[in-house]
2 protein chains.
Amino acid sequence: MSEDTALKLNGKLWIELNGSKLVGPGRVELLERIRDCGSIRQAALQMNMSYRQAWQMIEDMNTRLDAPVVISQRGGKGGGNAVVTEKGEMVIVEFKSFYKKFQQFLSKHSGSINL
Amino acid sequence: MSEDTALKLNGKLWIELNGSKLVGPGRVELLERIRDCGSIRQAALQMNMSYRQAWQMIEDMNTRLDAPVVISQRGGKGGGNAVVTEKGEMVIVEFKSFYKKFQQFLSKHSGSINL
DNA sequence: ATTCGTTATTCATTTCTGTATATAACGAAT
DNA sequence: ATTCGTTATATACAGAAATGAATAACGAAT
């Protein structure tokens, strides 16, 4: 019954394109929030992230994939808006599938650390 | 037959103690090299790492685990030496076991990215 | 034309990480 | 006692990465 909760297995997971990070948990959460509130700024605020960083993440995915994950407009009603595309939805679904399996992997092996 | 080798799943894995990193691939490689050459400095040189960083890694593991992973001596024949303890061997074996499974996880799922 | 809130972009600042450097401590061998 | 290469430790420096602030661009609505 030796339960050592202090020792655990942990890690990070991401999808990379041409050797550098493209999608991780943070970017996926950002996409989900943009989808739900229609604004990059509001999504960033919700995540306590700077707008600058959020915009850079979106811009990075938009330019490196063959189709944009978010289409945004400035000006107009509400000052502007942002919409997650079908490609963006694919990114969300695909990564979350991998990530769930990864978390299962971690918790599956986390109990058997013997140090 | 669309083989998109540019897109791949990647990640990092580590063992953490009380919420902060304790063992990762770099530290394990360091331990293995110390075991093989008997010197923290030489091991660090082999890995193109500063001695300071290598020493800090060892010191961190030594102080946070209930037994040291490396026992070192200064002075004497050769100027000093470093020996990997039984605990250190356990760290190496245990982490490498997890890490191998992790790499299998990555390569297993890496082929099915569809973006 | 003015207002409004957001998108888009730049610049300076700060924070973090690791490096380089220098120095002391050490003990066996000579 | 001197030499030698390593361990151990502190300080200063450099580059990268994240942050914050400031500003321009935009278009619908009034």
Side-chain angles (χ1 to χ4, degrees), chain A residues 12 14 16 19-27 29-65 68-85 87-88, chain B residues 10 12 14 16 19-65 68-85 87-88:
Chain A
K12 290 185 180 182
W14 64 85
E16 66 185 31
S20 63
K21 277 189 193 178
L22 181 72
V23 180
R27 292 186 177 197
E29 183 183 347
L30 180 64
L31 284 174
E32 290 180 309
R33 291 188 186 272
I34 291 174
R35 178 191 58 194
D36 293 347
C37 74
S39 159
I40 297 175
R41 176 170 299 276
Q42 293 309 314
L45 284 177
Q46 288 173 17
M47 293 177 67
N48 214 25
M49 175 193 306
S50 69
Y51 170 81
R52 171 195 160 92
Q53 188 177 26
W55 183 83
Q56 283 177 333
M57 287 177 172
I58 298 299
E59 196 264 351
D60 183 59
M61 290 187 282
N62 275 354
T63 56
R64 291 173 64 200
L65 283 171
V69 294
V70 169
I71 291 180
S72 55
Q73 288 177 334
R74 56 180 170 186
K77 179 175 161 185
N81 62 8
V83 179
V84 173
T85 65
K87 173 70 84 171
Chain B
N10 207 347
K12 289 186 179 182
W14 64 85
E16 67 183 31
S20 63
K21 276 189 193 177
L22 181 71
V23 181
R27 291 185 177 196
V28 166
E29 183 182 348
L30 181 64
L31 284 175
E32 289 180 310
R33 291 188 185 272
I34 291 173
R35 178 193 57 194
D36 293 346
C37 73
S39 160
I40 297 176
R41 176 168 300 275
Q42 293 308 316
L45 284 178
Q46 287 172 18
M47 294 178 66
N48 214 25
M49 175 192 307
S50 67
Y51 171 81
R52 173 193 161 90
Q53 187 178 30
W55 183 84
Q56 283 177 332
M57 287 178 172
I58 298 300
E59 196 264 352
D60 182 60
M61 290 187 282
N62 275 355
T63 56
R64 292 173 63 200
L65 285 171
V69 294
V70 169
I71 292 181
S72 55
Q73 290 179 332
R74 56 180 171 185
K77 177 174 161 187
N81 61 9
V83 179
V84 172
T85 66
K87 173 70 86 173

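All values derive from a computational prediction rather than experimental measurement.
With hydrogens and angles disregarded, a donor-acceptor distance shorter than 3.5 Å links the side chain of T85(B) to the backbone of V69(B).
Annotation: side chain of W14(A) is not in contact with side chain of L22(A) (no heavy-atom distance under 4.5 Å). Between V83(A) and V70(A), the closest side-chain pair of non-hydrogen atoms is not below 4.5 Å. Within the 4.5 Å cutoff, side-chain heavy atoms of L31(B) are placed close to those of M61(B). For the pair L45(B)/Q42(B), a side-chain contact is recorded, criterion being any heavy-atom separation below 4.5 Å from C-beta on. With contacts defined as side-chain heavy-atom distances shorter than 4.5 Å, the pair M57(B)/M49(B) qualifies.
Around the CD atom of E16(A), the shell of radius 6.0 Å holds more than 12 heavy atoms that belong to other residues, nucleotides or ligands. Other residues, nucleotides and ligands contribute more than 12 heavy atoms inside 6.0 Å of the CD atom of Q46(A).
With the 3.5 Å cutoff on both pairing distances, Watson-Crick and G-U pairs in DNA chain C assemble into runs of at least 3 at C:1-30 with D:1-30.
To the nearest angstrom, C1' of dA8(D) lies 16 Å from CD1 of I71(B). Atom-to-atom, NZ of K77(A) to P of dA28(D) comes out at 12 Å; the value is rounded to the nearest Å.
For the contact set between residues 37-60 of chain A and DNA chain C, defined by any heavy atom under 4.0 Å, the members are S39(A), I40(A), R41(A), Q42(A), Y51(A), R52(A), W55(A).
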